[in-house]
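Comments concern the structure below.
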Amino acid sequence: MDKLQSLRGMVDLLPQSTPLWQRIEATARAHFARAAIEEIRTPVLEATELFARGIGEATDVVGKEMYTFVDRGERSCTLRPEGTASVVRAAIQHGLLSQGPQRLWYGGPMFRYERPQAGRQRQFHQIGLEMLGFADPRSDVEAIAVAWDLLADLGVQGLALELNSLGSSDDRARYREQLVAWLSERADQLDPDSQDRLQRNPLRILDSKNPDTQALLADAPTLAEALSPESRDRFARVTHGLTLLGIPFQLNPRLVRGLDYYSHTAFEITSTQLGAQATVCGGGRYDGLVEQLGGPPTAAIGWALGMERLAILLAQAGAATAAAPEVYVVSRGEQAEPLALQLARQLRQAGHAVDLDLTGAAFGKQFKRADRTGARWAVVIGDSEAEAGVVLLKDLRGASGEASQPEQRLSPEELLQRFA
RNA sequence: GCGGGCGUAGCCAAGUGGUUAAGGCACCGGAUUGUGAUUCCGGCAUUCGGGGGUUCAAGUCCCCUCGUCCGCCCCA
């Protein structure tokens, strides 16, 4: 392979698809602004320790999926595999939490060294929300509502919100013991992956895709039963709030999050249109993370949505296309071309989208290109116009269609006035 | 990290061991030396992802490798 090409799992977004991404980003910004959520931007590269401590050493993300290297200062650095740890780090570092609760959003590339698949690349993009310093169950509802309304506004069809409570860390520790004990007696009935998880990350066995394992789990102790009365009450307030807002959800007692920092409310928004990587948006509460990273005890909830997966869903509905320029400037000749250069700039300074043909090709070729861009107007300048101090303004989208639309002779000043 | 499918031009694609690798789209040039559709003419792969092997002969068969797609794992 001696042709230069992008690294595996790193994809180019070509002009054909960027309008869709821009629409998603603009819609997200509008929703965040309306919900009084401010943007935060953190570095793509962080100290490896941040993720090891924040996400959990035992997780797959930290254990085998990070892009980690030693820099020239002998520091271990990692390209961020997710956004939450960085946002929390920045909030602690700059004392944001002493200024009261923070409603923050972020967006950008994340990196995980995984095998590429549908809806999964090594560099992928997320938009995420983090609400730091909010303990009330209403904040869970509000965070979910922002995600739900954003996706609805974008026109994504066929989404389902799945909800579960992981309880407090005490609840979870207690349940974990029960589950491991129960499953250990039946380890021979588990699929190999799940046997492995029994040591490493037993809760993940709950969302195994193996049908035999799922059948076995039907009789296993459930997380819901292990929740303390306080945790149950809290979760009930969340579900009541969602009902109040008319946001439909399904309780999924098997829903477990992969990163260690989650507690209480966990949720995913999924689509059946995405193949194996069905989760468009996932999140939950992480009340212990801020403290774990050296900050004050701080309740928090957040989510992240996968841009590539969202783009897949929206592309199915119909692609957005780039806007056509308003004006296409056709010019040819030594006198005409400098004049065209100036006029194009002046029209742009007046706020118009202008495409300037720089080929110097025959007028016929330039008109053909002008037509194809979809521009409404052509400004035509040849040397005879340049000498006479005029330009031709031609309507390319007149009622009668194609060629031989009427042209107007205007002075450059008149043209600019016309487009003022 | 594991399993499977697929790699012929920017894109789609014919080719099923035998001389110079169809066709379409797109793009470029010309017919039209200053006006957009259509049409017509011409151009656009010394080579089939890369490397090695089998053979008189390989895009076609074999091996390795890279990439890609789908699934597992994992996750947004």
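Chain letters run A, B, ... following the sequence lines, proteins first and then strands; every chain starts at 1. It should be emphasised that the depicted structure is a prediction, and the values quoted were computed from it without experimental measurement. Heavy atoms only: backbone and side chains are in, while hydrogens, waters and symmetry mates are out.
The nearest whole Å value for the distance from the CG atom in A:Asp357 to the C1' atom in B:rG34 is 14 Å. Note: CD (A:Gln126) to P (B:rA76) measures 7 Å, nearest angstrom. Rounded to an integer number of Å, the gap from A:Asp12 CG to B:rC11 P is 13 Å. Whole-Å rounding puts the A:Leu161 CG to B:rA76 P distance at 15 Å. Rounded to whole Å, the distance from OH on A:Tyr328 to P on B:rG36 is 14 Å. A:Arg369 has its CZ atom 16 Å from the P atom of B:rA26, to the nearest Å. A straight line from CZ of A:Arg8 to P of B:rU65 spans 13 Å, rounded to a whole angstrom. The distance between atom CD of A:Gln335 and atom P of B:rG34, rounded to the nearest whole Å, is 16 Å.
For the C1' atoms, the distance from B:rU60 to B:rA14 is 13 Å, rounded to whole Å. With C1' as the reference atom, B:rU19 and B:rU32 are 42 Å apart, rounded to whole Å. Look at the P atom in both B:rU8 and B:rG59: the space between them is 15 Å, to the nearest Å. B:rU39 sits 13 Å from B:rG24 when the P atoms are compared, rounded to a whole Å. Only the P atoms considered, B:rA21 is 15 Å distant from B:rG43, to the nearest whole Å. For the C1' atom pair drawn from B:rC74 and B:rG17, the interatomic distance equals 45 Å after rounding to whole Å. Comparing the C1' positions of B:rA76 and B:rC6 gives an interatomic distance of 27 Å, to the nearest angstrom. The C1' atoms of B:rA58 and B:rC63 are separated by 15 Å, rounded to the nearest whole Å.
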Test log, rule side-chain hydrogen bond (donor to acceptor under 3.5 Å, both in side chains), inputs A:Glu46 and A:Ser86: CA-CA 8 Å; A:Glu46 294 271 8; A:Ser86 298; 3.1 Å; yes
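Taking a pair to require two hydrogen-bonding distances under 3.5 Å in either a Watson-Crick or a G-U wobble arrangement, B:rG3 pairs with B:rC70. Pair assignment for B:rU38: none, as no Watson-Crick or G-U wobble contacts are both less than 3.5 Å. Across all strands shown, B:rG59 forms no Watson-Crick or G-U wobble pair with both distances under 3.5 Å. Under the Watson-Crick and G-U wobble criteria, each requiring two contacts below 3.5 Å, nucleotide B:rA26 is left unpaired. Across all strands shown, nothing is found opposite B:rA76 as a Watson-Crick or G-U wobble partner with both distances under 3.5 Å.
Ion pairing between a basic and an acidic side chain is recognised when a charged N comes within 4.0 Å of a carboxylate O; A:Asp371 and A:Arg397 show such pairing.
For A:Gln408, the side-chain hydrogen bond (donor to acceptor under 3.5 Å, both in side chains) partners two or more places apart in sequence, or in a different chain, are A:Arg418. Residues satisfying the side-chain hydrogen bond (donor to acceptor under 3.5 Å, both in side chains) criterion with A:His94, sequence neighbours excluded, are absent altogether. A:Asp60 is linked by a side-chain contact (heavy atoms from CB on, under 4.5 Å) to A:Lys64, A:Glu65, A:Arg200, counting only residues two or more places apart in sequence or in another chain. Residues passing the side-chain contact (heavy atoms from CB on, under 4.5 Å) test with A:Gln117, sequence neighbours excluded: A:Arg120, A:Ala276, A:Gln277.
When heavy atoms are screened at a 4.0 angstrom cut-off, A:Gly275 is found touching the sugar-phosphate backbone but no base atom. Contact annotation for A:Ser384: base contact, defined as any heavy-atom pair under 4.0 Å involving a base atom. A:Leu392 comes within 4.0 angstrom of a base, heavy atoms only. Residue A:Ala118 is in sugar-phosphate contact alone, with no base atom involved, counting any heavy-atom pair closer than 4.0 Å across all strands shown.
Contact annotation: side chain of A:Gln366 to base of B:rU35, donor-acceptor pair absent below 3.5 Å. No N or O donor and acceptor, one from the side chain of A:Lys368 and one from the base of B:rU35, sit under 3.5 Å apart.
Relative to the side chain of A:Lys365, the nucleotides B:rG34, B:rG30, B:rC28 differ in distance, and B:rG30 lies closest.
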Can you give each donor-acceptor pair under 3.5 Å made by side-chain atoms of residues 134-147 of chain A, sequence neighbours left out, with the distance rounded to 0.1 Å?
residue: A:Asp136; atom: OD1; partner: A:Arg138; partner atom: N; Å: 2.7
residue: A:Asp136; atom: OD1; partner: A:Arg138; partner atom: NE; Å: 3.0
residue: A:Ser139; atom: OG; partner: A:Asp136; partner atom: O; Å: 2.6
residue: A:Ser139; atom: OG; partner: A:Arg285; partner atom: NH2; Å: 2.8
residue: A:Asp140; atom: OD1; partner: A:Arg234; partner atom: NH2; Å: 3.0
residue: A:Asp140; atom: OD1; partner: A:Arg285; partner atom: NE; Å: 3.2
residue: A:Asp140; atom: OD1; partner: A:Arg285; partner atom: NH2; Å: 2.7
residue: A:Asp140; atom: OD2; partner: A:Arg234; partner atom: NH1; Å: 3.0
residue: A:Asp140; atom: OD2; partner: A:Thr265; partner atom: OG1; Å: 2.6
residue: A:Asp140; atom: OD2; partner: A:Arg285; partner atom: NE; Å: 3.3
residue: A:Glu142; atom: OE1; partner: A:Arg103; partner atom: NH2; Å: 2.8

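OP1 or OP2 of B:rC27 lies within a sub-4.0 Å distance of a side-chain N or O belonging to A:Arg372.
Side-chain atoms of A:Asp12 never come within 3.5 Å of backbone atoms of A:Leu14 as a donor-acceptor pair (strictly under, hydrogens ignored).
Residue whose closest nucleotide on RNA chain B sits further toward the 5' end, between A:Leu305 and A:Asp371: A:Asp371. Where A:Glu268 and A:Gly9 meet RNA chain B, the nucleotide closest to each residue was compared, and A:Gly9 sits on the side nearer the 5' end.
Ring-base stacking between A:Phe367 and B:rU35 is satisfied, the centre separation being under 5.5 Å and the plane angle under 30°.
Ring geometry for A:Tyr67 against A:Phe111 counts as perpendicular: the plane angle is over 60°, on a 0 to 90° scale with 30° as the lower cut.
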With 3.5 Å as the limit, what N/O pairs link the protein to nucleotides 72-74 of chain B?
residue: B:rC72; atom: OP1; partner: A:Lys209; partner atom: NZ; Å: 3.3
residue: B:rC72; atom: N4; partner: A:Arg120; partner atom: NH2; Å: 3.4
residue: B:rC73; atom: N3; partner: A:Arg120; partner atom: NH1; Å: 2.9
residue: B:rC73; atom: N4; partner: A:Gln117; partner atom: OE1; Å: 3.4
residue: B:rC73; atom: N4; partner: A:Arg120; partner atom: NH1; Å: 2.4
residue: B:rC73; atom: N4; partner: A:Gln277; partner atom: NE2; Å: 3.2
residue: B:rC74; atom: OP1; partner: A:Arg197; partner atom: NH1; Å: 2.7
residue: B:rC74; atom: OP2; partner: A:Arg197; partner atom: NH1; Å: 2.5
residue: B:rC74; atom: O2'; partner: A:Glu65; partner atom: OE2; Å: 3.0
residue: B:rC74; atom: O2; partner: A:Glu114; partner atom: OE2; Å: 3.0
residue: B:rC74; atom: O2; partner: A:Arg120; partner atom: NH1; Å: 3.1
residue: B:rC74; atom: N3; partner: A:Gln277; partner atom: OE1; Å: 3.3

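When each of A:Tyr286, A:Trp303, A:Trp105 is checked for a side chain to side chain donor-acceptor pair (under 3.5 Å) with A:Glu130, only A:Tyr286 meets the rule.
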